[in-house]
There are 2 protein chains.
Amino acid sequence: MSKTYSISDLANEFDITTRSIRFYEDQELLYPARRGQTRIYSSQDRVRLKLTLRGKRLGLSLAEIRELFELWDETRVGSEKQLLLMLNKISERRAALEQQMKDIAMMQLELENAEIRCRQALDELHDKEEFDEKHTGAPSPSS
Amino acid sequence: MSKTYSISDLANEFDITTRSIRFYEDQELLYPARRGQTRIYSSQDRVRLKLTLRGKRLGLSLAEIRELFELWDETRVGSEKQLLLMLNKISERRAALEQQMKDIAMMQLELENAEIRCRQALDELHDKEEFDEKHTGAPSPSS
DNA sequence: AAACAAGTTTACGTTAACGTAAAGGTGCTA
DNA sequence: TAGCACCTTTACGTTAACGTAAACTTGTTT
């Protein structure tokens with residue numbers, strides 16, 4: 001028997017609510033087994049959840065994530081049509097990721113710039129303070 | 001006089017609706033000038049819009065984007081407190097971007113893998129076809 | 001002058017992704 | 001057996017980010 005998880009195990013591990021996990025099941029992203037009424041998650045289910053959350057961080061909707069899962073599942077018994085469809089989706093996703101990479105790079109440059117300007121402004125504030133002290137014998141009003 | 005834009009100029013350029021642009025103004029992300037009733041956007045406004053859309057692609061909410069804009073504006077006349085607050089926000093954003101970079105890298109690896117598996121599956125389908133043709137003298141039913 | 005394009009405000013509608021009770025089952029343990 | 005802790009379903013509420021429609025002004029083309 002391989003490892004299993006309760007719903008709150010997963011909720012704790014990934015820092016989300018059980019409500020979310022049940023909601024993801026409702027949206028057909030997860031298909032946990034049951035013992036009686038209680039849900040039991042396999043490590044497969046755990047991987048799905050992990051992928052789901054990663055997808056979300058990248059801005060995918062739950063519907064899109066589900067579509068990817070479905071395509072991937074169908075690919076295992078896939079006809080040529082299914083396989084080509086999957087390859088299309090893959091290349092779409094790749095293009096989106098490339099755009100995101102560019103966005104992130106841009107953002108990082110701008111943040112870097114912003115940080116430099118902040119530090120300069122801080123330095124100038126402190127220079128001014130020293131100047132004030134020398135000439136008045138007291139710290140500047142800003143402190 | 002530097003260049004200005006109408007609302008539909010920007011809507012067309014960035015492929016969004018005028019409704020969205022007005023909504024962003026409502027959320028205090030943009031402050032276009034007016035000629036009579038009509039909005040007139042400066043190239044500054046255009047930059048703001050561009051940054052807004054980039055932020056959205058990275059998963060920021062409009063409220064978060066606005067907060068960053070405000071902080072950045074205040075930074076120009078900033079007290080030490082404001083500057084330090086800005087530096088904090090910057091480092092938060094940077095951390096988030098790093099996480100996203102990791103997510104993207106992971107995703108790319110998985111997509112790469114998926115693509116390879118798809119292509120293999122396709123190859124196997126085609127091998128099978130050739131085999132069928134050799135032994136039946138006719139193309140396989142799948143074509 | 002009439003029509004047409006592009007702009008405006010106001011306001012209600014919609015979708016996604018949960019939050020938040022309410023009401024109840026199951027199994028341990030003090 | 002009473003009380004927890006944890007699980008369940010059902011269902012209504014909420015927020016963000018617009019969509020969509022109505023009713024109106026303003027400028028310009030025929």
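Residue numbering restarts at 1 for every chain, and letters A, B, ... go by the order of the sequence lines.
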* Carboxylate-amine/guanidinium proximity below 4.0 Å for A:R57 and B:E98 ->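 No, no charged N to carboxylate O under 4.0 Å.
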
* NZ/NE/NH1/NH2 to OD/OE distance under 4.0 Å, B:E124 and B:R117 -> no

Atom-to-atom span, [atom1] of [X] to [atom2] of [N] - whole angstrom:
X: B:F23; N: C:dT8; atom1: CZ; atom2: P; result: 17 Å
X: A:R22; N: C:dA17; atom1: CZ; atom2: C1'; result: 16 Å
X: A:I16; N: C:dC18; atom1: CD1; atom2: P; result: 8 Å
X: B:R66; N: D:dA17; atom1: CZ; atom2: P; result: 12 Å
X: A:R19; N: C:dA17; atom1: CZ; atom2: C1'; result: 8 Å
X: B:I7; N: D:dT26; atom1: CD1; atom2: C1'; result: 16 Å
X: A:E25; N: D:dT10; atom1: CD; atom2: P; result: 12 Å
X: A:Q27; N: C:dC18; atom1: CD; atom2: P; result: 9 Å

* Asked: Is the Lys NZ or Arg CZ of A:R48 less than 6.0 Å from the centre of A:F69's six-membered ring, within 45° of the axis?
  ->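 Yes, A:R48 sits over the ring of A:F69.
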
* Asked: Under 4.0 angstrom, heavy atoms only, what part of the nucleic acid is B:R34 near: base, sugar-phosphate, or nothing?
  -> sugar-phosphate

* To do: Would you indicate what A:T18 reaches in the nucleic acid, counting non-hydrogen atoms under 4.0 angstrom: base, sugar-phosphate, or nothing?
  => nothing

Tell me whether the OP1 or OP2 atom of [N] has a side-chain N or O from [X] closer than 4.0 Å.
X: B:Y24; N: D:dA17; result: no
X: A:T38; N: D:dC6; result: no
X: B:T17; N: D:dC18; result: no

* Which residue lies toward the 5' end of DNA chain C, A:S20 or A:Q37, if each is placed at its nearest nucleotide? ->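 Nearer the 5' end of the strand: A:S20.
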
* Counting heavy atoms from C-beta on, name the nucleotide in D:dT8, C:dC18, D:dG19 closest to the side chain of A:R39. =>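 In terms of side-chain proximity for A:R39, the closest of D:dT8, C:dC18, D:dG19 is D:dT8.
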
* Structure fact -> With the side chain defined as heavy atoms from C-beta on, B:S8 is closest, among C:dA6, D:dT9, C:dT9, to C:dA6

* **Side-chain heavy-atom pair A:S42, A:Y5 within 4.5 angstrom cut-off** => no

* Does the side chain of A:N88 pick up a donor-acceptor pair with the side chain of A:E92 at under 3.5 Å? -> no

